[in-house]
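Letters A, B, ... mirror the listed sequences (proteins, then strands); counts begin at 1. Please read these numbers as outputs of a predicted model, since none were measured by experiment.
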Amino acid sequence: MSIIIKNLSYTYNPKSIFEKVALKNINLQIENGDFFGIIGHTGSGKSTLINHLNALTRIQKGSGEIIIQGIDLTQKKLDFRRLRSEVGMVFQYPEYQLFDETVAKDVGFGARNLKLDKKEIEWRVKEAIELVGLNYEEIKDRSPFEISGGQKRRAAIAGVLAMRPKILILDEPTAGLDPRGKKEILDLVQNIKEKMCRTIVMISHNMDEIARVANKIAVMHKGEIVCVKPPKELFSEREILKKYNISMPQATLLANELADKGFEIDRGIVDEEELIEKITNYSGQIANDEEINLNL
Amino acid sequence: MKAVSFGQYYPSDSILHRLDARMKLLLVVLYITMIFFVQSYIVFFAILIFAFALVLISKVPFLKVLRSVRMIMFLMIFMFIITTLFRGGNVGEVALTGDLRFPSIYLSGIIHASHMALRIFCLVLGTSLLTFTTTPVELTDAIERAFSPLKLIRFPVHEMALIMSIALRLIPTLMEETGKIINAQKARGAEFESRNIFKKAKAMLPVLIPLFVSSFRRAEDLANAMDSRCYRGSEGRTRLKQMRYRLKDLIALLVVVAIFFAVLVFRYNFFDFEFITYLGETWWGGSSDLPPPSII
Amino acid sequence: MIEFKNVSYYYNAGTPEQVRATKKLSFTIGEGEFVALVGHNGSGKSTVARLMNGLLIPQRGEVIVDGNLTSDNKKIFDIRKTVGVVFQNPDNQMIASIIEDDIAFGPENLGLPPEEIRKRVDWALESVGMSEHKRGTPFRLSGGQKQRIAIAGILAIKPRVLVLDESTAMLDPVGREEVLKTVMELKEKEGMSIVLITHFMEEAIKADRIIALDKGEKVLEGGREILSMSNELDRIGLDAPFAARVAGKLREKGVSLADNIYEIEELVRNIM
């Protein structure tokens, strides 16, 4: 078990007129090897939840517990260095956190903070830059402010990877990118999962995206986790989708429209290719039937 | 995001909100001047009652006002302690601490220090009442108009006022952004809790540089947005909200002037009122500059 | 309304870092027309937005708005009164911290009498459905709401062309829908011309005309049929809308479908 969250609650400005409950009794288990998706509308508590996983937000006293790779996050004297080499965090628009003179130095910032030796840092920086698909020799001495937007985002992700986390948390890693950029970053995340971080937790507003990559999806609503299901099951639960105003992936939407019209098809289909195949077969069948009818 | 209470407009339709902003500015200047003439507990008490009455009239929630005062509570306590410790006593006054060289605390010192703390309290109460009931735009407009004679000597009054209002508008945005960047760098293992001031300054670079970069980007965006909305300086510009003095402004002025006059009477006793002479000799009605009252 | 004639724009012109953002770009935007300008990030589409209202002046070629050249300094305010641009980041377009004061900024610059400013502020907020927030501050609002305020700020100038420069790119799906709905209503009710600059091809479905840019050049121009050109779009880093894409793949597999399929409903009707 990679991440265990038990009865976690969180309140902003407790006991004041500005009191606002952000998380309500969250129970969640994320296993090693999961690609775990979190969806929910803006303000549903997603950010507060993931900030807890990196101890950027500390658990309030008596408001539940979190255990990550055996580290108990409720303890007062938490070993942050150890935690942060277990859990890496990529925020929204991560390119806005670049600051150092060169890309290599910037990527190495996290690794330097782990107080590793020089050789190790250098090696990790190279590894991370190459893992995100940038050319190390070409980019290492350039200023992070003069490379392209897409490169900036990759460099920023590399900065987290250089800490070699086993769990990677990403908050909308494709926000603001164009279709190709989105696809590339999504492929990158899957590649990272294969090569470095076995467990991925990703927030997304894009249902097509999350349905494509996640093996489990948690739905958050007003500070609560209302359900955790594999994408196919989740997107075939029409009542849940309706109740929490979650849109469907486009493929699911089409499948449902077809099903409504009497087409025999699984309502939970999330994959475009699978859907195309089903429709092709069906049309072929109709064509056959018509032929048979004609022959008769 | 932490709410910044100091100087934030609270929308409502009270009479204080509807007073002309220029008049409010003048009244606050009068009020501040008046506070410096106050030298006795009983007058402070009267002024506090007056100020709290205004808070009630303004319909701004009490807690909000207190929050803005809380921010300078530290300053008040600090000044109180320092003044009490170091002011010394009046001629011929015996220290409460006896013959000790340090600390040597005098009753008149305590009175003086508490007057100072009360003065700051009244000051903040009055000025935050101004900013609670006046929109930043009204306020900068008022300042612009109040200083408009300076245009004759080519002082860029309009530009200064605009800069002020934009600065006010950007504070919450920048605060939020700072929080985000700090979190992102913390996730990369940055430590900001160092005691060494040089180390601390260096640790802030990963926050300050991205903040700078993004501020420049914001500045450019804002300039584009202003240009797109036909901005061309103060020339030929009109205002949505015209400023006009009305009867209520005059009445408000009369009220404040009357109170100011009363304060002066208490201080200098122009008319030789006997009760003022009497009050002046007590510890609660008199000033700390007078010979030490012998009551206690 | 707007005419681009062989427009080339270079950033850092005349320096070693000179970068060409648009190349010999020519097109027109007609009265009341809804044009989608699509392209990947860095294709030069935001430069086009800034060229439209004279924030940038082309080094080669000319941009003409309502018969006026954007390079004519005397006409620049007429041009900005005609072409209103809403930008990407909703947080960076707000000048005042009270919503109605912010909306008033444009008309105040135009030197209108206070009663007229009041009318326009109320009308603009009504048009974007944000009237109840007029005395509030923008900070507590959602991204979509903030962007509607930014639109209202431009509306108050009463432009005849509304340019949205990737105004939905930073919003979540709910916010994006809000903004698009508002824009469509404005087109219907006020008969404004709309230039929607975007890389979300689904947003282009409702457009009268689509212009696709790549490396600052116009590579495609035409009606909705452009949305079915999966291969061409893919080459310039864009995706065909879902229904058009699926229809294309189905046709490849030999399923017979009608030609013009861009929306899911159309596709469903065709399959059944």
Gap separating the OG1 atom of T137(C) from the OH atom of Y9(B), nearest 0.5 angstrom: 11.0 Å

CZ on F139(C) to CD1 on I171(B), rounded to 0.5 Å: 9.0 Å

More than 12 non-hydrogen atoms from neighbouring residues, nucleotides or ligands closer than 6.0 Å to [atom1] on [X], yes or no?
X       : atom1 : answer
R145(B) : CZ    : yes
Y245(B) : OH    : yes
K180(B) : NZ    : no
E132(C) : CD    : yes
Y11(C)  : OH    : yes
M160(B) : CE    : no
K75(C)  : NZ    : no
K202(B) : NZ    : no

For residues 50-59 of chain B, which side-chain N or O atoms pair as donor and acceptor with protein atoms under 3.5 Å away, sequence neighbours left out?
| from | atom 1 | to | atom 2 | distance (Å) |
| --- | --- | --- | --- | --- |
| S58(B) | OG | V55(B) | O | 2.7 |
| S58(B) | OG | V60(B) | N | 3.2 |
| K59(B) | NZ | D13(B) | OD1 | 3.3 |

Heavy-atom pair count under 4.5 Å with chain C, highest-scoring of R239(B), R217(B), E138(B): R239(B)

Chain C contacts, top residue of T140(B), L240(B), D221(B) (heavy-atom pairs, under 4.5 Å): L240(B)

Contact class of I98(C) relative to chain B, heavy atoms under 4.5 angstrom: side chain

Contact origin within I76(C) toward chain B - heavy atom pairs under 4.5 Å: neither

Proximity of residues 81-94 of chain C to chain B, residues having a non-hydrogen atom under 4.5 angstrom: K81(C), V85(C), F87(C), N89(C), D91(C), N92(C), Q93(C), M94(C)

Close approach to chain B in residues 106-120 of chain C, criterion heavy atom under 4.5 Å: G106(C), P107(C), E108(C), N109(C), L110(C), G111(C), L112(C), P114(C), I117(C), R118(C)

Any residue of residues 223-232 of chain B which, by heavy atoms, sits under 4.5 Å from chain C: N224(B), A225(B), M226(B), D227(B), S228(B), R229(B), C230(B), Y231(B), R232(B)

Derivation of the salt bridge (charged side-chain N to carboxylate O under 4.0 Å, His left out) call for D101(C) and K241(B): CA-CA 9 Å; D101(C) 291 339; K241(B) 286 162 188 155; 2.7 Å; yes

Pick from R80(C), R135(C), E100(C) with the largest number of heavy-atom pairs that fall under 4.5 Å of chain B: R80(C)

